[in-house]
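What follows is a single structure, written as structure tokens, with notes after it.
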Amino acid sequence: MGIVRGEEMVLNIGPQHPATHGVLRLQVKTDGEVVSQITPYMGYLHRCFEKHCENVTYEQVIPFTDRCDYLSSMSMNFGYVVAMEELMDIKVNERVEHIRVTMAELQRIASHLLCTGVFGLDLGAFTPFLWALRDRERILDLFELTCGARLLYNYMWVGGLSHDIPNGFVESTYEFLDYFEPKVDELENILAHNKILVERSADIGVMPKDVAISYGVTGPNLRASGVNWDLRKNDPYSIYDRFEFNVPVGEGIKGTVGDCWDRFYVRILEIRESVKIIRQALASMPKDGDVHQSLPKKLRPPKGSIYSRTETPRGDLGYYIESDGSPIPYRLKMRSPAFTALSVMDEIGAGWLLSDVLAILGSLDIVLGEIDR
Amino acid sequence: MTVDFIYNFLNDLLPGFLGNDLLLILAMLLPFFALFGFITIYGFGVIYAELKVSSFIQDKTGPMGQGYGFHAGKWGLLQPVADGLHLFFKEDIIPATADRPLFILAPFLIFIGMFVGIIAIPFGEAIIISDMNIGIFYILGIGSLAVIALILAGWSSNNKWALYGGMRSAAQIISYEIPAGLSLIVVILLASSLSMQEIISYQSGGIFNWIIFDNPFMPIAFIIFFISALAETNRTPFDLPESESELVAGFVTEYSGARYAFFFLSEYVNMFVISAVAATAFLGGWQSPFPNFLNTPAWSVFWMISKAFFLVFVMIWVRWTVPRLRVDQLMHLCWKVFIPIGLFNIFGVSIWTVLRG
Amino acid sequence: MTDSKEKLIAELVNKGLDGDMDAVNACEDRMIRAKAKAMIVKVGKGTAERPPLPEAVSSVVSEVLPKETAPVEVNKNVNQKVKDMVENEFPGSTIDGDDFIQLYPQKWFEIASWLRKEESLFFDSLQCQMGVDIGEENLESRYNLHSMKHDHYVEIRIAVSRSSPKIPSVEQIWRIADWFERETYDMLGIEFVGHRDLRRILLPDDWEGWPLRKDYQEQETYHGIVVPKVKEGWE
Amino acid sequence: MGLLTNKFQDNVIVEKLDKLLSWSRSTSPWFFQFGTACCAIEMMAAAASRHDMMRIGAIPRSSPRQADVMIVAGTVTMKMAIRVKKLYEQMADPKYVIAMGSCATSGGPYWQHGYHVLKGVDIVIPVDVYVPGCPPRPESLIEGMLKLQEQILEERPLTRKMT
């Protein structure tokens, strides 16, 4: 007799849908609840980042990088200034490096908090999301203390920072970390070891190692698949080689290596590692040093090109900068980690139930601003 | 029963003042209005409770009546009133591609299903609108009407999300009727009656005579019934038919204004009905927890409502705490866990009853 | 998993039959060792056929049995060296460049699959693919390749004429190239020959023009909506 | 409701009913969970624990049919503009729009070279309240919401309009 198959139904998830994290459209072919094919359509937030870069000066690119990945603006700034400093051969002083690392790691915590919260929201748990946002607010307070903005900072400049950290920032950060560390355990307890959440995410959407590498998936998603790859360790930029921290790798505690639960849990572990790095960076931060010390008067990089990568909360962020010697970039390409993470959606998402597809999408932690640019 | 009582009472009060037929209609309308008033007040209360309880769980304050002009009163107490009122005066959209008659019928059907369920719930020894000898059976049967309404809503909206919601709710509610029924059969075995009042009178004489403490099998039956009740009322972790992060709003996706308000309210009324059945069957109904203490008719209403409200509160509490199950896990839980345990429970209780004599 | 085990057994059996029993004995997994030995005996008796040697060495196998292939150089930027190797393998495919590899587009697909498979290079990850309008009637596609195994990277550039920009697609070699190439097509209009699903990815399907070309002119309206900002009255 | 809108002579009863209606509408502005870009994060923050928009009665809804207020949070692109318009049309009357952030008001930082960015959402749908900022702080959004409440409260939904 064979298996009786129903007619396939085409279902558009998005562009407006509570679980698409913005304006993404997933066109899924479904047979009942089972999804047989997923075709992502994006570009609903294509804000012409690369065109803007070809029309504004190198300094003016920084606010636009902010707006690309609006959940980890600091990390986006960081990647850009690292690339520019490499291109122009600028060395910044110790204090700047320490502040940058502190900020980037605080941003990583904030971003991962939102991601884990939203993952819970996708699975129907509303409360952990608000708890995560509550703690994220305190990180935003620290940023606000430093540069006056809550979300888009324009804080790291090529060759320095826009402002030095204010008095009391270090103490406030220590205070926050002391408050925050028990809260991570709380978040882990309510989400990670919840029986229903484990049932919903373990063994779901398994991303094998070779698939992840072939699709260019990076960051926590790649590490969850069992690949020990973190640019902070493997290709250290800034001063990351001085700090002691582990790179959490998915171990398949609740299911297979590389499932949704691993991708989610790796982020919680990374929050803890970031706390470690911040503590070290604050402890070893030099008291003196002008943050504007090596700020060039005019940004006019030599003719040439550079491809530079940094580790943002979502993975390898690459900037390809092509300079023709003028103060305006000739071509600037951002290789965004969420773009590659979303491309794997059909590969790992097809064949699961509709609810699982949204769980998988949530576990990939995409930001549409960065995908569409 | 109550209608007869009111009829006789009115007849004594106003002998020959009104015609017999008119008096009968009046006697029927009075409980109706009382019920309607109760549901309205209960609806406002429970929606306010949902907003507030969820807010406290989530570390915020919820509606505080802050706002411009004459705001929602102290602590936002008038918030549900404003919510309801503004819904009733919104534009009523019927999509052009919808199945018009069914689309209009669905919200009324679901509301009627919930509404008539309440008449068999006893609030006191004589405070019951209709004491049927098959009360518990009647409530289960009427409760199943909701399924038809949900399928109608899902189908007639001509929207894929609504269709998913309707289909999911059909599968879910029909499945969970069985474990719920199985755990009520155990109660009926003990009380040897289908009448709500007789089940309650079986439990008279304090907290230790309640059916939940009757024998070791009963707590299991209660837990199964309560979890099935969550599924039947579409509450988290079983809110698949209207899961917000998956199906936008499920079967109510296309409903706006007053029709949506009916769906919204009927969910809460359903919660109350199911909780009241659970309180009747397992927690002694309107009986006081202490023998011969606060057992007057007025207090019996208090006990019944507070027991039911406690269970409603637990439902709200659960909703804001746990994630949602997947559709196959939902079925697995029902057919492979609850139903075998339920059957085993019936077997166990039968033996227990026989041994006890 | 079973697939890779079978491959491993086949490989071990072949080695054993060729006289290299040490490789079989050195195998960590007892199950695989036993199965391989049993098969060698069977082949010896003639009751079983000699298993075919697994052809493409997949990444899974190469992990279990690391071959003695050192990375090309300690230096992470291996452009010059790789360029010589490419020129050796595919004569006449490279153009002189400074610190990158400039290729002619014709043989790009073959070169790419070779770069992916060659053990001493093993570029398993396409980091970035982008298109540039380099002026002088030319568009250029640039590939940043990276090897997770050896941790080295190269940059490859392929220039094509603006009038008929056609480059072989590599989306079947690195899956991520699928979307990268769609984006480059979307932005610069470079056509990737052999791409199975070459559509615009970010802009709508009915958009006119290639925005990142230097001579791009915005269209005036899109579905009746004015595209450029009307500046009157607020500046 | 459509039957009754602006059909009545101005008198005391109608005025009281008007007040009741506009009170209920302004007290429970259910907003449409619809974030397009950066501002969506601030909208989430405004609805979350610290700022808690529920205090003033704003409750998020995910279906446009049940929402009263559409907060256009973030950049609207050409590709999205058609969808935004459609979503607006799907909302039931009375409906209001808050344009949150400079992108939604005017195109924001993308106004000059953004070939794919809609220069202000008011080109496609009518906007009631503009909230400036890039992104606006949650407090600004709440202020915008209060401004909208003020505006709703002054409405006379039933009274016949003078022509």
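What you are looking at is a predicted structure, and each value in this text was computed from that prediction instead of being measured. In the text below, chain A, chain B and the rest are named by the order of the sequence lines, each starting its count at 1.
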Rounded at 0.5 Å granularity, tell me how far [atom1] in [X] sits from [atom2] in [Y].
X     : Y      : atom1 : atom2 : result
D:M91 : B:K90  : CE    : NZ    : 6.5 Å
D:T27 : B:D83  : OG1   : CG    : 9.0 Å
B:H86 : D:S22  : NE2   : OG    : 13.0 Å
D:K95 : B:S256 : NZ    : OG    : 10.5 Å
B:L87 : D:S28  : CG    : OG    : 7.0 Å
B:E91 : D:R65  : CD    : CZ    : 9.0 Å

Regarding B:T61 and D:D52, is there a side-chain donor-to-acceptor distance under 3.5 Å anywhere?
-> yes
Where on [X] is there a heavy atom nearer than 4.5 Å to chain B: the side chain, the backbone, both, or neither?
X      : answer
D:A58  : neither
D:L148 : neither
D:R50  : neither

Any side-chain heavy atom of B:L78 within less than 4.5 Å of one from D:W23?
->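 Sidechains of D:W23 and B:L78: in contact.
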Do the non-hydrogen side-chain atoms of B:L51 and D:I59 ever get within less than 4.5 Å of each other?
-> yes
Any chance CZ of B:F32 has more than 12 other-residue heavy atoms, nucleotides or ligands included, within less than 6.0 Å?
->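 Buried by this count: over 12 neighbours within 6.0 Å.
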Is atom NZ of B:K160 surrounded by more than 12 heavy atoms (other residues, nucleotides or ligands) closer than 6.0 Å?
->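 Check passes, neighbour count above 12.
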Residue by residue, scan residues 35-44 of chain B and write down, ordered by number, those that have a heavy-atom distance under 4.5 Å to chain D; if none do, write 'none'.
->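 Under the 4.5 Å heavy-atom cut-off, nothing qualifies.
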Heavy atoms under 4.5 Å from chain D: which residues of residues 259-271 of chain B carry them?
->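 Checking residues 259-271 of chain B against chain D gives B:Y260.
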Under 3.5 Å donor-acceptor, D:S49 side chain and B:Q58 backbone = yes
Sequence neighbours left out, what pairs pass side-chain hydrogen bond (donor to acceptor under 3.5 Å, both in side chains) with at least one residue falling in residues 101-110 of chain B?
->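 As it turns out, there is no side-chain hydrogen bond (donor to acceptor under 3.5 Å, both in side chains) pair with a partner in residues 101-110 of chain B once direct neighbours are skipped.
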Salt bridge (Lys or Arg N to Asp or Glu O under 4.0 Å) with D:E143: which residues, sequence neighbours excluded?
-> D:K147
Residue part contacting chain D, namely of B:L85, when any heavy atom lies under 4.5 Å =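 For B:L85, backbone and side chain are both near chain D.
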